[in-house]
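Bear in mind the structure is a predicted one, so any value in this text is a computation, not a measurement. Quick note on labels: first sequence line is chain A, next is B, and so on, each numbered from 1.
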Amino acid sequence: MTTTAPEKQTRDYFPTEDEYQKLLGRRTRFGHTVRLTLLLMLTIAVVGLGILLYTIIDDSFGLVAVINENEPEDILAAYGYDPATTTLNDLNKEQLVEVLAGSVSSGVGRRLERDQRFFEDRLVFETQEKWDEVCASDDPPAGCDGGVRSKGNVVDLVQERVIRPDIVAASGLTGSILNPDRFKEKVQQDFVDNPDNYEPFTYEDVRYTWRAWFSWKFITSPASDRPEIAGVRTAVLGSIWLVIITVLFAVPVGVGAAIYLEEFARPNRINDLIQTNINNLAGVPSIIYGMLGLAVLVRILEPITSGSLFGEGAPNGRTILSAGLTLGLLTLPVVIISSQEAIRAVPNSLRQAGMGLGATKWQTVRSQVLPVAIPGILTGTILAVARAIGETAPLILVGAAGFITVSPSGPFSQFTALPIQIFQWTSLPQEEWRHLAAAASLVLLVLLLTLNAAAVLLRNRYSRRLT
Amino acid sequence: MNDTTETLSVDTADMPPDPTLTAAPTAMKNARETPEEAGPGVIETKNMDVFYGDFKAVADVSMNFAFNEISALIGPSGCGKSTVLRSLNRMNDLIPTARTDGEVLYHGANIYAPGVDPVEIRRRIGMVFQKPNPFPKSIFDNIAWGAKINGFKGSKADMKDLVEGALRQAALWDEVKDKLNESGLSLSGGQQQRLCIARAVATQPDVILMDEPCSALDPIATLRIEELMLELKENYSIIIVTHNMQQAARVSDRTAFFNVELDTKGQRTGYLVEFSPTDQLFTSPKEKATEDYITGRFG
Ligand SMILES: Nc1ncnc2c1ncn2[C@@H]1O[C@H](COP(=O)(O)OP(=O)(O)OP(=O)(O)O)[C@@H](O)[C@H]1O
Ligand SMILES: [Mg+2]
């Protein structure tokens, strides 16, 4: 009796050998199916993101159809060079400046010279007297600080001011490689259909060249109303300023609040209420933060945000400071929540160990809890800040400037930012702007990647120190 | 070995002054010179109850832990030994739901009285936890940190001596002397526990509470820790929790047996059965429950 009991139980509760084998097969197959499904999901994610990246890159490079107001060959011939053997690049700086001086008005020339001199030892457009006078004034132009334009810079000026290329059509990267003829046919067709658009030029004047919309020159040039020379310097600098202010505001305040809530706050009704509100704030749409920024930072706190309280002269509160603080407020809840999670994940045994040695709460938190939590805090923070860089709506509300070419010089400057620039370019009708918008998106992505990489490096340094 | 005892015998007078328990150091010294069984001990609990929320984990514990003795707490799992131990240096304050009623006197002063800073209590009454919990820092820093935060005034060389002394006492020095800069987490479980013992010893507390310090150790390391306890007894009072009755018999001067019983509400509340000199408890226990437990007839 006693020996049969366990056997009987096995028969009753567990499958027979055959059944078990069948079941095992089914379980294994099910596992495989799940794995394939998960792989499929990953593929969808990768393909989706891949398509996004592809579209951006595709628009950032490609063939363009250009009409030059003055053909380089004609210019060279006019100055007595042989266009068959020389190009603009073969000329030396003196010769190039001569070409430039022959084409631009003296007013433009003076402005260029005041931005940066052409030669160390002589002036081209200005008279020495006038130059000395201008440089002695209260607000001397940049050119007075010394420094001379390089030859490459002068070549660029000749391109912009003398040749004056006008891009009439542009093609994406794939189309340019696989089927350039179709692009050319399309351009030609348009000349046949709408010749008025191109007066006084004809299809004969069209030149095809490759153009990298995304280039170092694009990043370093200020905004312009001519797509051929427009760049994103103002927007990039604006975005960098915004990130700095956002981080300076949101990280100390957010991490501090998280430490308080996790380590010091007693679970009472007020703290519960605060916690609930923070959780809800994390889900509030960004435009609402924009309204808050407009009402409070731009309007009510105008003396502070315009800098007039500190003797700075912004005309109103629509400054980098207002926008940065708005983005800071927007990121704050996420920084708090993710920091709280990171702090909560630190095992309690470490707190006990610290306090058990006679450390105060703060000593324990500072030396034992935070070092362990910092990698997690960084991860959450960087995600939050990365979101903020891409925010457009609140910036529009707090008054990002539509078109400025002056680089921001401090927290009280007017500004524009990359997403604003992208938004504006995409809303313009001509095709060229779309390519510029794509290139600007690429700049934004690069900026994000750089930031992320910096955060990952920082995080790894911390993690390595811990293990 | 001489070096280490020297480093460790730094008098508590060198440590920051003691604002709330000003009488303590002198009282302690006197008591140490004439250890007297009947007099008040280093720690005394009076009708102590410990609750976790509404749950009464231990009830009505009154014990007197004598100076410079090793006291052992034994009893079945879940009877509240760790709970009692944590109440003795206010570590239970870290558990939000925990609450201690009754009195715990340290050198005659109630550590739960208003105005007493638990930080100071824990600095005087050190603790080694049931589960090893080294800091995720270097082995050196694991030990140095406790001294630093408590106002260590010595030079870098003094700190090295302190660390080496503590590690030697915890029988860990030979194993780690070449890798003091490696993480404390890179050690084995038993080594980690000895690191935690070294860490507690290095701050030179007055009393050391140890919660099953040897549960993860091999017999040789166990023996070494037991030797350490006997050595420390000269200057410290020690209270250990152990499941190893031989260990209690080997090292302790007095042993407390805790048991657990279902109360009227069906809660498992722990209580003190008896607290007697160790030889007496193991040879002629006063209570039947104690006898059943130590002879293995328990439950
Ligand atoms: N943090 C806590 N919160 C709630 N209840 C707890 C907590 N810690 C312990 N308890 C309860 O208190 C009782 C005593 O636990 P304790 O850890 O003191 O037992 P123990 O005697 O140390 O057991 P062991 O020998 O297994 O370590 C148990 O019923 C346990 O469930
Ligand atoms: Mg325990």
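For chain A, the nearby parts of B:Arg199 are the backbone and the side chain; heavy atoms of each come within less than 4.5 Å. Neither the backbone nor the side chain of B:Pro132 comes within contact range of chain A; no heavy atom of the residue lies under 4.5 Å from a heavy atom of that chain. Only the side chain of B:Phe129 comes within less than 4.5 Å of a heavy atom in chain A; its backbone stays farther off.
Residue A:Leu39 places its CG atom among more than 12 non-hydrogen atoms of other residues, nucleotides or ligands, all under 6.0 Å distant. Within 6.0 Å of CE in A:Met291 there are 12 or fewer heavy atoms belonging to other residues, nucleotides or ligands. The local environment of CG in B:Asp54 is sparse, with at most 12 non-hydrogen atoms from other residues, nucleotides or ligands closer than 6.0 Å. Other residues, nucleotides and ligands contribute more than 12 heavy atoms inside 6.0 Å of the CZ atom of A:Arg27. Within a 6.0 Å radius of NZ in B:Lys179, more than 12 heavy atoms belonging to other residues, nucleotides or ligands are found. No more than 12 heavy-atom neighbours from other residues, nucleotides or ligands sit within 6.0 angstrom of NZ on B:Lys131.
When all heavy atoms of A:Val372 and B:Pro136 are compared, the pair lying nearest together is CG2-CG, 3.5 Å. Between B:Phe135 and A:Ala353 the shortest heavy-atom distance is CE2-CB, 3.6 Å. For the residue pair B:Asn150 and A:Leu357, the shortest heavy atom distance occurs at ND2-O, 3.0 Å. B:Trp145 approaches A:Thr364 most closely through the heavy-atom pair CH2-CA, 4.1 Å.
How far OG1 of A:Thr360 is from CZ of B:Arg122: 10.5 Å, rounded to the nearest 0.5 Å. Put simply, NZ on B:Lys137 and OG on A:Ser367 are 6.0 Å apart, with the number rounded to the nearest 0.5 Å.
Along residues 341-352 of chain A, the residues that come nearer than 4.5 angstrom to chain B, judged on non-hydrogen atoms, are A:Ser349, A:Leu350, A:Arg351, A:Gln352 in order of number.
A:Met355 has its side chain within reach of B:Leu94: a pair of non-hydrogen atoms, C-beta onward, lies under 4.5 Å apart.
Per-residue heavy-atom pair counts under 4.5 Å with chain A were compared for B:Asn89, B:Val119, B:Asp141, B:Leu209, and the maximum is reached by B:Val119.
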